[in-house]
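Sharing a structure, written as structure tokens. Questions coming.
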Amino acid sequence: MYPRRFGVALFWAVLVALGAVANVVAKALPSLKCASHVSNSSSTFDHCKSGSYCFADSGGIRGCADKSKCDDDKFQDYCDKVTSFCCCKSNLCNVNDPVFKSLVQDHPEPKQLKPDEANKNAPKTVPIVLGCTGALIGVTALIVGAAFLVRCIMKKRAKTNLDAPSNEKVKVELPNDYDEAGPVDISDESPPKDSAKDSSLLKDVEKSVSIPKPTPTKSKVVNVVHVDHTDVHVPADLKKEERKALLKSLKKQPKLKAISSCEQAAVITKVLTYCTDDDITGGERSSRETNEEISSSANTDMEVLLQKLIANGPRQYTFSYDELKNLLQKAERHFEKECSMLEVPVPVTVYGDIHGQYSDLHRWFNLNGWPHQTRSVFLGDFVDRGSHGVEVVALLSCLKLIYPDRIFIVRGNHEEESLNRAYSFYEEVLCRFSGSSGKDGIAMYNHFKNLFMQLPLAVLIGGRVLGMHGGLSPKMESLQAIRDIKRPIDDFEVGSLECDLVWSDPDTGADTGFRPNFDREPNNGIGQLFAADTVKQTCDKLNIDLIIRGHQAPLHGYALFADGRLLTLFSAPGYKGTALNDVNMGACLEFDRDMRITIKQIKVSERFRQNRVNDCEKVRIQRKEHRRMLARTERTTKRGSA
């Protein structure tokens, strides 16, 4: 940085010096016309006696000197020793010097010429050119200097756009541990009283596990650029023209770089913070409006459905029973063919928990690119808590079928029936697909469950980063151990590798090893609590740089643990909190081809959070009323049959 600034300063100095020299020379040139007068200007030379040379000083032409005097050795020696504005055979001498006067005293007194008269016929082109050049150089130097000054000011202002009050490009201490107090419940969605006994013992993923404050003594210092883009609103719903352009582009899949094994280590380089409006998943859109925007280029039923979902935007979509059943069955068969540990090249974008926040899924795609434009990884927990898990799973499944090498989906602990019954997704499906002739909500939920049972459990990114939903296990002896996990998996068996992959958490209360995760299930424990040294040992053993997991909701959407070797990621903004200072952000990770990581955050307002709470309360009341209606219908049916 400093050599570059020194070079720029030196460049300016040279420019200014050249301009000054050019101006001085331009001013002095009329007085230094001796040589040109002798060789070119006969009118000036005529003033001197034939065979004589003119001599001059700064005042102009002063007189003439006999050629023989100029050839005299003494005269010649004098001219060689002194420098002045005088010309004699191209040598300089001082006309006012007494020695010089004595050398020319035998010569008759020359006719004195006035400076103006002497310079009257002097050529003006050269001084004009030199003067203009000097002026141009000076102006250029001033402009360059001003531009550099403005650039420095703008650069300094840009550096101040940080997440912190003094936002500038600095060495930032990223917290090794998680941020602040643990997440809270999103609404009154506690497990229903009639839920299964075992599931009622399971504490929710984000509900009960505390996230401690940063520990400065254990933090890792890295060079990270924080940029505040909260003046940029990331939309959930595109404008009509933008939606049409997106639909037309679905057939065009730009070729993506695919680097499966990177030589560079993964490192966080940027954190970008965006903002959004307060809109959440809206109501249903008319089929007429949706069909007007659908392109005729769709060839398969899945492409048609994808276009309908995108055209419908971040709103509840009215699926036909057979339409959704067909989608889930095809996706199930596709996931069945995949390995339990996916291997994904870079560049890629990684997302954490979504939890039924369908509008935020649209926001992320609108910000980072839809799967036909970029590669995406999801680390589980697509359902429960939020009110539109059906749309989230349907959209991701549809994208997976159409772009199988652009989107990669990993299972979370909420993709399991016991939690779906304890929380909201099971009831969501039942309320939306109740009917007759066997086409009821229970049958539809079984299709979702069958799909969940086939989902992979981990992902290896660029050969250097391991991702899963939960965390580590003492049974994770190698990456091959993950690949060897057999699916389908219905209920996770406590103590198994697959259970730990979706249920484990970092342990901030111990310095080493594993212990049962009683924070999740207080009677028997479920998953593992793993200490910081265990993370480092696992990374070294598996030859990886970083572990990424979801499962918890840090305030800023991400949090670091074990000196930056483990990162927790949560992509559902406004999931928890009651005031602006504790409403969580959502975050995602963007890996470039050199494994440089850019963290992107979406910051939301208190109103956004309140809209989420109100939506969940509204849905809870609707489902309660739906249960009552079903109970009345069942009683009426029994009475009629009796």
Side-chain angles (χ1 to χ4, degrees), residues 247 250 253 281 298-340 342 344 349-362 364-365 370-384 386-412 414-417 420 425-426 428-429 432-433 441 443-457 459 469 487-489 571:
L247 290 169
L250 292 177
Q253 297 187 46
T281 304
N299 298 324
T300 66
D301 54 347
M302 291 299 103
E303 291 177 351
V304 171
L305 178 57
L306 177 60
Q307 291 203 7
K308 287 181 179 179
L309 289 171
I310 292 176
N312 190 62
R315 301 172 182 83
Q316 183 167 306
Y317 181 83
T318 306
F319 292 95
S320 71
Y321 187 94
D322 291 333
E323 181 180 45
L324 185 56
K325 172 187 172 183
N326 182 39
L327 169 63
L328 297 175
Q329 288 178 336
K330 287 185 176 181
E332 176 195 346
R333 291 193 292 270
H334 185 91
F335 288 124
E336 183 181 2
K337 299 174 184 177
E338 292 189 321
C339 179
S340 290
L342 303 171
V344 180
T349 303
V350 183
Y351 301 96
D353 304 32
I354 299 295
H355 278 299
Q357 296 185 193
Y358 187 51
S359 59
D360 294 315
L361 180 59
H362 278 258
W364 287 122
F365 283 151
W370 286 72
H372 69 291
Q373 301 163 322
T374 186
R375 207 174 278 113
S376 304
V377 168
F378 289 85
L379 296 179
D381 274 15
F382 311 106
V383 300
D384 285 334
S387 54
H388 290 83
V390 169
E391 278 76 15
V392 170
V393 175
L395 179 59
L396 293 178
S397 298
C398 199
L399 289 167
K400 180 63 178 178
L401 291 172
I402 299 173
Y403 310 109
D405 59 342
R406 300 292 177 92
I407 185 166
F408 303 87
I409 299 174
V410 172
R411 185 176 181 176
H414 272 269
E415 282 71 63
E416 182 181 8
E417 184 175 357
N420 295 159
F425 185 62
Y426 183 82
E428 177 186 340
V429 177
R432 291 185 58 176
F433 295 96
M444 179 57 75
Y445 176 77
N446 286 331
H447 292 301
F448 278 99
K449 176 183 175 180
N450 292 336
L451 183 149
F452 294 160
M453 291 164 59
Q454 295 290 357
L455 290 176
L457 297 168
V459 57
H469 178 73
R487 309 189 321 274
I489 300 171
S571 301

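Since the model is a prediction, treat every value here as computed from it, not as a measurement. We're numbering straight along the sequence, starting at 1.
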Just to verify, what does Phe335 make a ring-ring contact (aromatic ring centres under 6.0 Å, His included) with, not counting sequence neighbours?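 Checked Phe335 against ring-ring contact (aromatic ring centres under 6.0 Å, His included); zero matches.
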Side-chain donor-acceptor pair under 3.5 Å between Gln316 and His388, yes or no? yes
Do Lys308 and Asp301 sit within salt-bridge range, that is, some charged N less than 4.0 Å from a carboxylate O? no
Side chains of Asn420 and Tyr445: any donor to acceptor distance under 3.5 Å?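 The criterion, which ignores hydrogens and geometry beyond distance, is satisfied for Asn420 and Tyr445.
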Is any side-chain heavy atom of Phe448 closer than 4.5 Å to one of Val390?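 Result yes, sub-4.5 Å side-chain heavy-atom pair found.
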Going by heavy atoms in the side chains, are Lys325 and Gln329 under 4.5 Å from each other? yes
Any side-chain heavy atom of Leu327 sitting closer than 4.5 Å to one from Leu305?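 Yes. Closest side-chain heavy atoms under 4.5 Å.
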Under the ring-ring contact (aromatic ring centres under 6.0 Å, His included) criterion, do Tyr321 and Phe319 qualify, and how do the steps go? CA-CA 6 Å; Tyr321 187 94; Phe319 292 95; over 10 Å; no
If only atom types and distance count, is the side chain of Glu332 paired as donor or acceptor with the main-chain N or O of Gln454 below 3.5 Å? no
Taking Asn326 for its side chain and Asp322 for its backbone only, find out whether a donor-acceptor pair lies under 3.5 Å. no
NE2 of His334 to CG of Leu451: how many Å apart, nearest 0.5 Å? 11.0 Å
Side chain to side chain donor-acceptor pair (under 3.5 Å) against Ser340, all qualifying residues, sequence neighbours excluded: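 For Ser340, the residues satisfying side chain to side chain donor-acceptor pair (under 3.5 Å) (neighbours in sequence not counted) are Arg487.
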Is there side-chain contact between His362 and Trp370, with heavy atoms separated by less than 4.5 Å?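 With C-beta onward as the side chain, the pair touches.
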Nearest 0.5 Å, please: how far is CG in Leu379 from OG in Ser571?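 Result: 8.0 Å between the selected atoms.
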Could you measure the distance from the CD1 atom of Ile310 to the CZ atom of Phe365? Nearest 0.5 Å is fine. 9.0 Å
Heavy-atom side-chain contact between Val459 and Val350 under 4.5 Å: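 In short, these two side chains do not touch, never coming nearer than 4.5 Å.
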Can you find a heavy atom in the side chain of Val304 that is under 4.5 Å from one in the side chain of Gln307? no
Return all side-chain donor-acceptor pairs below 3.5 angstrom for residues 392-411, not counting sequence neighbours, or 'none' if the list is empty.
residue	atom	partner	partner atom	Å
Ser397	OG	Val393	O	2.8
Lys400	NZ	Glu338	OE2	2.8
Lys400	NZ	Pro404	O	3.0
Lys400	NZ	Ile407	O	2.8
Tyr403	OH	Leu250	O	2.8
Arg406	NH1	His372	O	2.9
Arg406	NH2	Pro254	O	2.8
Arg411	NE	Glu415	O	2.9
Arg411	NE	Phe452	O	3.4
Arg411	NH1	Phe452	O	3.3
Arg411	NH1	Ile489	O	2.8
Arg411	NH2	Glu415	O	2.8
Arg411	NH2	Ile489	O	3.4
Arg411	NH2	Asp490	O	3.4

Evaluate the criterion side chain to side chain contact (heavy atoms under 4.5 Å, CB included) for residue pair Asp381 and Ile354; output intermediate values, then yes/no. CA-CA 6 Å; Asp381 274 15; Ile354 299 295; over 6 Å; no
Distance alone, cut at 3.5 Å: any donor-acceptor contact between the side chains of His355 and Asp384?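 Checked: His355/Asp384 side chains show no N/O donor-acceptor pair below 3.5 Å.
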Drop me the distance from Glu428's CD to Glu391's CD, to the nearest 0.5 angstrom.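 The distance works out to 7.0 Å.
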From CG (Leu247) to CD (Glu303), nearest 0.5 Å: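 Those atoms lie 12.0 Å apart.
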Expected output: side-chain Asn312 to main-chain Arg315 donor-acceptor under 3.5 Å: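 The answer is yes, because a donor-acceptor pair under 3.5 Å joins these two groups.
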Could you tell me if the side chain of Asp353 sits less than 4.5 Å from the side chain of Phe378, heavy atoms only? no
So Leu457 and His469, side chain to side chain contact (heavy atoms under 4.5 Å, CB included) or not? Walk me through it. CA-CA 8 Å; Leu457 297 168; His469 178 73; over 6 Å; no
Say you draw a straight line from CH2 of Trp364 to OG of Ser359; how long is it, rounded to the nearest 0.5 Å?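 The distance works out to 12.0 Å.
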